[in-house]
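Right, one structure below, let's go through it.
Nothing here was measured: the structure is a model prediction, and the numbers come from that model. Throughout, protein chains are lettered first and strands after them, A, B, ... in sequence-line order, and every chain is numbered starting at 1. Computed over heavy atoms, backbone and side chain alike; hydrogens, waters and symmetry mates excluded.
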There are 2 protein chains.
Amino acid sequence: MEDFEYENGFTQDLDSETLFIVSQTFKALGDPTRIRILNLLFNKECSVNEIVETLDIRQSTVSHQLRFLKNLRLVKFRREGTTLYYSHDDEHVMLILKQMIDHACHN
Amino acid sequence: MEDFEYENGFTQDLDSETLFIVSQTFKALGDPTRIRILNLLFNKECSVNEIVETLDIRQSTVSHQLRFLKNLRLVKFRREGTTLYYSHDDEHVMLILKQMIDHACHN
DNA sequence: TTGTTATATGCTAATATGTTCATATAATGA
DNA sequence: TCATTATATGAACATATTAGCATATAACAA
């Protein structure tokens, strides 16, 4: 009787793969530093240094978090010389982030 | 020049209060156990024991996580004798959860 | 009151997470 | 080649998180 599929597409419990992806993604959004980085990348792409200077976060911290976000395919980058320009890579997740920010602001 | 307000309502950086609420809420959604509980509460209210039995999670764990979710006002409960029936208490966050689950499934 | 069922709580151990420092790599220009 | 700028990485540390056990509380029935 477990995992009974409802008409509306919902299940009583989620399969482990979905659960993993969902929790990983929300976890990515659950850290202030990563939220600030993604929020900055909302409108424009940024070099690592731009992020470091705009948000006043140490370079290694930014780099670590960008790797984290890149592993989840939430950001991507392009190279120009020695400079890497990062931008967001998941419209849907960015939309979800925007919704949550709006939700938080309206309180 | 920091915290410049854009036409579209976005700021270069978020104020700390918003940042706190957003990260707290995403953190709540970033744990598999809490996701499973909220997903179960999507359609119907559940007693603690129903959650325990349906999801096969220990009672103390469920209780701890329900307290966590209640502190963030993501769930509420009503009492009936010795039984507490929990239900979700934030439509918007539930919608965001649904979106992320759908997003994860479509991959 | 005592027992029973349902739920909450305090504590602890294991694990995960985030930041920092120091250093490595990579591209480029002199 | 060497120096410089931009970024990444590894290790260490502090802190946060999670689950589980044991026990407490709360409501109710006998």
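Rounded to an integer number of Å, the gap from B/Gln59 CD to D/dG20 P is 12 Å. At whole-Å resolution of the value, CG in A/Asn71 and P in C/dG18 are 13 Å apart. In this structure, B/Glu53 places its CD atom 12 Å from C1' of C/dT5, rounding to the nearest Å. Rounded to an integer number of Å, the gap from A/Phe26 CZ to C/dA16 P is 21 Å. Counting to the nearest Å, the C1' atom of C/dT5 and the CG atom of B/Asn49 are 9 Å from each other. Distance CD (B/Glu50) to P (C/dT7): 9 Å, rounded to an integer number of Å. Atom OH in A/Tyr85 sits roughly 16 Å away from atom C1' in C/dA26 (whole-Å rounding). The separation between A/Phe77 atom CZ and C/dA27 atom P is 11 Å, rounded to whole Å.
Put simply, the side chain of A/Leu40 reaches to within 4.5 Å of the side chain of A/Cys46, judged on heavy atoms. At a threshold of 4.5 Å between non-hydrogen side-chain atoms, the residues B/Tyr85 and B/Thr83 count as touching. For the pair A/Phe26/B/Ile96, a side-chain contact is recorded, criterion being any heavy-atom separation below 4.5 Å from C-beta on.
Within the nucleic acid shown, A/Thr61 comes within 4.0 Å of at least one base atom, counting heavy atoms only. Using a 4.0 Å heavy-atom distance criterion, A/Ser63 is classed as a base contact. At the heavy-atom level, B/Gln65 lies under 4.0 Å from the strands shown only through sugar-phosphate atoms.
When each of D/dC21, D/dT5, C/dT9 is scored by its nearest atom to the side-chain atoms of B/Arg67, the top-ranked nucleotide is C/dT9. Closest to the side chain of B/Leu84, from the set D/dA6, C/dT7, D/dT7, is C/dT7. Picking from C/dA6, C/dA26, D/dT7 the nucleotide with the shortest atom distance to the side chain of B/Thr82 gives C/dA6.
Atoms CG and CD, from B/Leu38 and B/Gln65 in turn, are 10.0 Å apart once rounded to the nearest 0.5 Å. Atoms CG and CD, on A/Leu84 and A/Glu80 in that order, are 10.5 Å from each other to the nearest 0.5 Å.
Ring-base stacking between A/His64 and D/dT9 is satisfied, the centre separation being under 5.5 Å and the plane angle under 30°.
A close approach under 4.0 Å does not occur between any side-chain nitrogen or oxygen of B/Arg58 and OP1 or OP2 of D/dA19. The phosphate of C/dA26 has neither OP1 nor OP2 within less than 4.0 Å of any side-chain N or O from A/Arg79.
The aromatic rings of A/His92 and B/His103 lie perpendicular to each other, with more than 60° between the two planes, well past the 30° mark.
Between B/Arg36 and A/Asp13, at least one side-chain nitrogen of the basic residue sits less than 4.0 Å from a carboxylate oxygen of the acidic one, meeting the salt-bridge criterion.
Residue whose closest nucleotide on DNA chain C sits further toward the 5' end, between B/Val48 and A/Glu80: B/Val48. Of the residues near DNA chain D, A/Tyr86 and A/Lys27, the one whose nearest nucleotide (by heavy atom distance) lies more toward the 5' end is A/Tyr86.
Contacts between residues 28-37 of chain B and DNA chain C, defined by a heavy-atom separation under 4.0 Å, are absent.
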